[in-house]
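To keep things clear, I will list the structure first and then write my remarks on it.
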Amino acid sequence: MNAVEILREQFNSHVAVREKRPGVLQLVAPLFHEDGDMMDIFLDAPENGADGLANPTQKLRVSDHGLTLMRLSYTFEIDTPNKEKIFHRILAENGVTEENGELFIDAVPASLYTSLLQFSQAVSKVCNMRYFKREVLASLFEEMLAGFIQEQLPRFRPSEKVLPIPDRDDLEVDWEFRPNGVPLYLFAVKDANRARLATISCLEFQRHSLKFKSIAVHEDVDKLGRKDRNRLTNACDKQFTSLEEFKQSALSYLEREVA
Amino acid sequence: MRTFTDEELAGLVACSKQVVDPPRREMRLDGKMKRNDMTLESEDGKHAFRVFMRQSEEFPENFSVGLMYFPGEDPGSFQLVRCNGQHGGEKVHPHHALFHIHRSKADDINAGILEPRNIEQTNAYASFREALSHFCAMIQLERPDDYFPGLSQARLFPGDEVQL
């Protein structure tokens, strides 16, 4: 049996190949992307052609010919050192090599089936890097903030979704802490709308002569326009420019409030 | 989270659009693909879009021209429509490499599935250039020849219906 026949047997006959180019066979197998397109996987025949395919020790190259990164680039760019790091980690964990945008894995005929599945898994993981889009991560901002507060700041008695003026349910505070006798209201600010709501809330609480302190934690302060930023700065006691900044400084800040 | 209807999605594809950030005159080579991009907005300025153009350097019949929509709120950006060349096959025709068009459906988007899973075969084009011409007509791009010179003559059989 040659390599293709071995693969067909390993794949329980649920696989076909067709010649894409001389020496390049395209795999037709039940391996699909989420949008219904079949994964682009190719077998590069060895240079000695049919003889190589029949040689059980001859390595075959399973490759995508650059089409995985082409697909990813519809919606996502690997354009930062962190993204590069994640990309190369996915490849390393799956034994896949990358050269000039082409992903491949070399396999002997006996292990072609498992290598193909391993390769398809790597392709799938690389395509799933699209979930690292900034807007997707931004939508996790509040959850990540909540996770940090619940895990790291329980001794400051955090309460979620508090109404300082009970009959004003439009002025809800994201988190309340009690580091000392005075409540400390935290606003999670992920966009301009939330910045405006935090500003209005602080001003209304002041108008009702409530005793409180306020902090705003921004998802990214640079995303706010100058006017929104100025209004919030004037109304709010303390701001953290990012979740990372809050994570680094929250504990010492709250401890100072206790003192 | 904002929800959509299929009529809204079709309206977003078909609304007249102008270029905000133009494409390069030539596709640029990036690894094993050629690529180009442009940013668009609807004529009324209310909607933001991005067009991506990709073509395999090794297999020129394998290309994609797609329209991303940026609603500016949840569920985030997603592809409205994508014209594909001939690649390995897809779920509807797994054994045939056919020119095909992907479209997003409202039920999918509303359920958080931001992939254009609706696939239809097309006879509207047979090359990247023809697909780009068909695509620009489909998304009602204003003055496409300004950005892709001679594009309106790209279709050899211009009688083919543009499906909106």
Side-chain angles (χ1 to χ4, degrees), chain A residues 14-21 23-42 44 63-79 98-104 127-128 130-131 133-140 142 190-193, chain B residues 1 29-37 50-68 70-79 82 84-98 100 102-105 108 112-120:
Chain A
H14 286 243
V15 68
V17 292
R18 62 167 163 256
E19 190 173 51
K20 182 74 171 172
R21 295 288 189 275
V24 180
L25 302 173
Q26 178 152 28
L27 200 72
V28 180
L31 300 168
F32 294 97
H33 292 288
E34 285 178 29
D35 65 3
D37 277 347
M38 193 175 284
M39 283 187 183
D40 295 291
I41 301 178
F42 304 90
D44 291 355
S63 167
D64 73 340
H65 284 256
L67 296 174
T68 304
L69 289 182
M70 179 167 125
R71 169 175 286 270
L72 180 65
S73 77
Y74 301 165
T75 54
F76 186 83
E77 303 292 346
I78 301 177
D79 55 2
E98 183 259 341
E99 267 180 28
N100 193 30
E102 177 176 357
L103 310 186
F104 61 87
C127 288
N128 284 343
R130 68 191 189 280
Y131 293 121
K133 275 194 297 188
R134 186 173 180 79
E135 62 200 51
V136 177
L137 296 183
S139 69
L140 297 177
E142 286 168 310
K190 65 174 183 181
D191 54 27
N193 288 337
Chain B
M1 189 179 91
L29 191 60
D30 179 9
K32 298 237 164 185
M33 66 173 146
K34 291 191 289 184
R35 61 179 296 168
N36 209 345
D37 297 87
R50 182 173 65 81
V51 170
F52 57 86
M53 295 154 262
R54 305 285 185 269
Q55 186 174 25
S56 165
E57 172 74 352
E58 277 185 69
F59 310 132
E61 72 277 17
N62 193 329
F63 57 78
S64 290
V65 186
L67 179 69
M68 294 283 296
F70 294 84
E73 56 186 316
D74 282 347
S77 60
F78 59 88
Q79 292 176 53
R82 190 174 87 225
N84 266 153
Q86 294 176 312
H87 54 74
E90 15 78 14
K91 271 192 172 154
V92 186
H93 310 95
H95 295 281
H96 303 281
L98 302 168
H100 60 281
H102 289 254
R103 288 175 195 276
S104 283
K105 289 292 187 188
D108 279 351
I113 301 165
L114 305 185
E115 291 292 323
R117 300 197 299 179
N118 187 264
I119 300 171
E120 59 207 50

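What you see is a predicted model, and the numbers here were worked out from it, not measured in a lab. Proteins come first, then strands; the chains are lettered A, B, ... in the order of their sequence lines, and each starts at number 1.
- At a 4.5 Å heavy-atom cutoff, the contact between Asp40(A) and chain B is made by side-chain atoms alone.
- Using a distance-only test at 3.5 Å, with no hydrogens or angles considered, a donor-acceptor pair links the side chain of Arg130(A) to the main chain of Cys127(A).
- Of the listed residues (Gln79(B), Arg54(B), Glu61(B)), the one with the most heavy-atom contacts under 4.5 Å to chain A is Arg54(B).
- Cation-pi geometry between Lys20(A) and Phe42(A) is not satisfied (NZ or CZ under 6.0 Å from the ring centre, within 45° of the ring normal).
- Taking chain B as the reference chain and counting heavy-atom pairs below 4.5 Å, the highest number among Ala29(A), Gly101(A), Ser73(A) is found for Ser73(A).
- Of the possible donor and acceptor atoms, none in the side chain of Asp108(B) sits under 3.5 Å from a partner among the backbone N and O of Ile113(B).
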- Carefully, step by step, assess Asn62(B) and His65(A) under the rule side chain to side chain donor-acceptor pair (under 3.5 Å). CA-CA 11 Å; Asn62(B) 193 329; His65(A) 284 256; over 6 Å; no
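- Between the side chain of His100(B) and the backbone N or O of Glu120(B) there is no donor-acceptor pair closer than 3.5 Å.
- Of all heavy-atom pairs between Asn128(A) and Glu34(A), the closest is OD1-OE2, 3.7 Å.
- In this structure, no portion of Phe78(B) lies under 4.5 Å from any heavy atom of chain A.
- Of the listed residues (Asp191(A), Thr75(A), Val24(A)), the one with the most heavy-atom contacts under 4.5 Å to chain B is Thr75(A).
- Heavy atoms of Asn84(B) lying under 4.5 Å from chain A belong exclusively to its side chain.
- Contact count versus chain A (heavy atoms, under 4.5 Å) is highest, among Met68(B), Glu58(B), Arg50(B), for Glu58(B).
- Neither the backbone nor the side chain of Ser104(B) comes within less than 4.5 Å of any heavy atom of chain A.
- Most heavy-atom pairs under 4.5 Å with chain A: of the set Glu57(B), Lys34(B), Arg82(B), this distinction falls to Arg82(B).
- In terms of heavy-atom proximity, Leu67(A) sits nearest to Ser56(B) at CD2-CB, 3.7 Å.
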